[in-house]
*Asks:* 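Before we start, here is the structure in question, set down as structure tokens.
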Amino acid sequence: MGLEGEQVHQSGSGWSPVYVEDNLAVMSVGFLLGSPDDAVIWRGPKKNGMIKQFLRDVDWGEVDFLIVDTPPGTSDEHLSVIQYLSGAHIDGAVIITTPQEVSLQDVRKEINFCLKVKLPIIGVVENMSGFICPKCKNESQIFPPTTGGAEKMCSDLGIPLLGRVPLDPNIGKSCDTGKSFFTEIPDSPATLSTLIIQSSSIICNHVF
């Protein structure tokens, strides 16, 4: 998001998040590190304490959406976020996968985790779903969905498939330069598919 080198500032109402746009604020552990190359070597209690601080001590103001981007898996971080936000009535989880089976195996565990902790699942998005050549417009499967990909998994488990986002090298370039992919390349198939996902997704106040 182009926020490398930014720092968190303390105010009378708590930590001030870093603003990318007037309507987009971000809080990250990366803002608290001395160097972007520093490793975060924390045990569970310290990680949980930081999550609680991010939710309790950050001056978020009035928000339409609160999106918590978690690492893959079903670890302490996921349990802590659900526990700390239990009173806020989380609308649900948006789960991201890629087409290949090695990714789907992890996602099935995450879906099972959501079911066990009674966290609603808004739906699944399949990322890196094919590559559309910018010249000939033909689609190639870089990561073949050998077991049917997200579509079959969602059909088997009765979960909505929100959409697919194709591979686009320009997404990586935009991330490296901290520029909005939607603004820089509005005609990309990845941009168009993401806009379709947004329009078809459930509108919610808080997203985990």
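When a residue number appears, it is its place in the shown sequence, counting from 1. Quick caveat: nothing in here was measured; it's all calculated off a predicted structure.
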*Asks:* Does L167 share a hydrophobic cluster with V165, counting links as ILVMFWY side-chain heavy atoms below 4.5 Å and allowing steps through other members?
*Replies:*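 Different hydrophobic clusters.
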*Asks:* Nearest 0.5 angstrom please: C154 SG to L162 CG, how far?
*Replies:*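 C154 SG to L162 CG: 8.0 Å, rounded to 0.5 Å.
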*Asks:* Below 4.5 Å, heavy atoms only, C-beta onward: do Q10 and W15 meet side chain to side chain?
*Replies:*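 In contact.
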*Asks:* Counting only pairs under 3.5 Å, give me each side-chain donor-acceptor contact of residues 28-46, with atom names and distances, residues two or more places apart or in other chains.
*Replies:*
from: S28; atom 1: OG; to: G30; atom 2: N; distance (Å): 3.0
from: S35; atom 1: OG; to: D37; atom 2: N; distance (Å): 3.1
from: D38; atom 1: OD2; to: G34; atom 2: N; distance (Å): 3.4
from: D38; atom 1: OD2; to: S35; atom 2: N; distance (Å): 3.1

*Asks:* Hey, what do you get for CG (N48) to CG (D76), rounding to the nearest 0.5 Å?
*Replies:*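 Those atoms lie 5.5 Å apart.
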*Asks:* Let's go through M128 and Q100 carefully: what are the C-alpha distance in whole Å and the side-chain angles of both, what is the deciding distance for side chain to side chain contact (heavy atoms under 4.5 Å, CB included) to 0.1 Å, and is it a yes or a no?
*Replies:* CA-CA 10 Å; M128 303 184 183; Q100 66 269 42; over 6 Å; no
*Asks:* Rounded to the nearest 0.5 Å, what separation is found between the CG atom of N23 and the CZ atom of F65?
*Replies:*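 Taking CG in N23 and CZ in F65, the distance rounds to 10.5 Å.
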*Asks:* Taking all heavy atoms of I142 and all of P144, pick out the closest pair and write down the distance.
*Replies:*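 Closest pair (atom of I142, atom of P144, distance): O-CD, 3.3 Å.
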*Asks:* Less than 4.5 Å apart, side chain to side chain, heavy atoms only: is that true for F54 and P17?
*Replies:*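 No; the side chains remain at least 4.5 Å from each other.
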*Asks:* Please test R56 against Y84 for side chain to side chain contact (heavy atoms under 4.5 Å, CB included), starting from the C-alpha separation and ending with a verdict.
*Replies:* CA-CA 9 Å; R56 181 190 62 192; Y84 297 148; over 6 Å; no
*Asks:* May I ask whether V8 and Y19 are part of the same hydrophobic cluster, defined by side-chain heavy atoms of I, L, V, M, F, W, Y residues being less than 4.5 angstrom apart, directly or through others?
*Replies:*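 No.
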*Asks:* Would a hydrophobic clustering, with Ile, Leu, Val, Met, Phe, Trp and Tyr connected at side-chain separations under 4.5 Å, put I51 with I90?
*Replies:*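 I51 and I90: one cluster.
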*Asks:* Look up atom CD1 in I111 and atom NZ in K109, then write down how far apart they are to the nearest 0.5 Å.
*Replies:*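 Atom-to-atom, I111:CD1 and K109:NZ are 12.5 Å apart.
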*Asks:* For Q7, does the CD atom have more than 12 heavy-atom neighbours from other residues, nucleotides or ligands under 6.0 Å away?
*Replies:*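 Result for CD/Q7: open.
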*Asks:* Using every non-hydrogen atom in the two residues, find where L161 and V124 come nearest and quote the distance to one decimal.
*Replies:*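 The pair with the smallest heavy-atom distance is CD1-O, 3.4 Å.
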*Asks:* Please assess T70 against E77 for the test side chain to side chain contact (heavy atoms under 4.5 Å, CB included), listing each intermediate value before the final yes or no.
*Replies:* CA-CA 7 Å; T70 65; E77 293 92 337; 5.6 Å; no
*Asks:* Does CG in D156 sit with more than 12 non-hydrogen atoms of other residues, nucleotides or ligands closer than 6.0 Å?
*Replies:*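 Counting neighbours around CG of D156, more than 12 heavy atoms of other residues, nucleotides or ligands fall under 6.0 Å, so yes.
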*Asks:* Restricting to non-hydrogen atoms, name the atom on V117 and the atom on I82 that form the minimum distance, rounded to 0.1 Å.
*Replies:*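 Looks like CG2-CD1, 3.6 Å.
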*Asks:* Are T147 and K152 packed together at the side-chain level, in the sense that at least one heavy-atom pair is separated by less than 4.5 angstrom?
*Replies:*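 Result no, sub-4.5 Å side-chain heavy-atom pair not found.
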*Asks:* So which atom in G92 and which in L119 form the shortest heavy-atom distance, rounded to 0.1 Å?
*Replies:*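 Taking G92 first and L119 second, the nearest heavy atoms are CA-CD1, 4.3 Å.
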*Asks:* Determine whether more than 12 heavy atoms belonging to other residues, nucleotides or ligands lie under 6.0 Å from atom CD of Q141.
*Replies:*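 Enclosed.
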*Asks:* Tell me if a side-chain donor or acceptor on H78 pairs with a main-chain N or O of P72 at a distance below 3.5 Å.
*Replies:*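 It does not hold such a pair.
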*Asks:* Counting distance only, does the side-chain N/O of S103 pair as donor-acceptor with the main-chain N or O of T97 below 3.5 Å?
*Replies:*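 Answer holds: no.
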*Asks:* Does the side chain of P99 reach to within under 4.5 Å of the side chain of E126, using non-hydrogen atoms?
*Replies:*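 Touching, per the 4.5 Å side-chain cut-off.
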*Asks:* Are V68 and F113 joined in one hydrophobic group, where the rule is that I, L, V, M, F, W and Y side chains link up if heavy atoms are under 4.5 Å apart?
*Replies:*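 Result: yes, single cluster for both.
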*Asks:* How long is the span from the CD atom in E101 to the CD atom in Q105, to the nearest 0.5 Å?
*Replies:*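 So the gap between those two atoms works out to 4.5 Å.
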*Asks:* Around M1, counting heavy atoms of other residues, nucleotides and ligands shown, do more than 12 lie under 6.0 Å from its CE?
*Replies:*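 It does not: M1 CE has 12 such atoms or fewer within range.
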*Asks:* Are V18 and W60 connected in the hydrophobic side-chain network, where two residues link if heavy atoms are under 4.5 Å apart?
*Replies:*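 Same cluster: V18 reaches W60 through Ile, Leu, Val, Met, Phe, Trp or Tyr contacts under 4.5 Å.
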*Asks:* Measuring from atom NZ of K52 to atom CE of M50, what distance do you get when rounded to the nearest 0.5 angstrom?
*Replies:*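 These two atoms lie 12.5 Å from each other.
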*Asks:* Tell me, please, which residues at least two apart from N170 pass side-chain hydrogen bond (donor to acceptor under 3.5 Å, both in side chains).
*Replies:*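 Applying side-chain hydrogen bond (donor to acceptor under 3.5 Å, both in side chains) to N170 gives D168.
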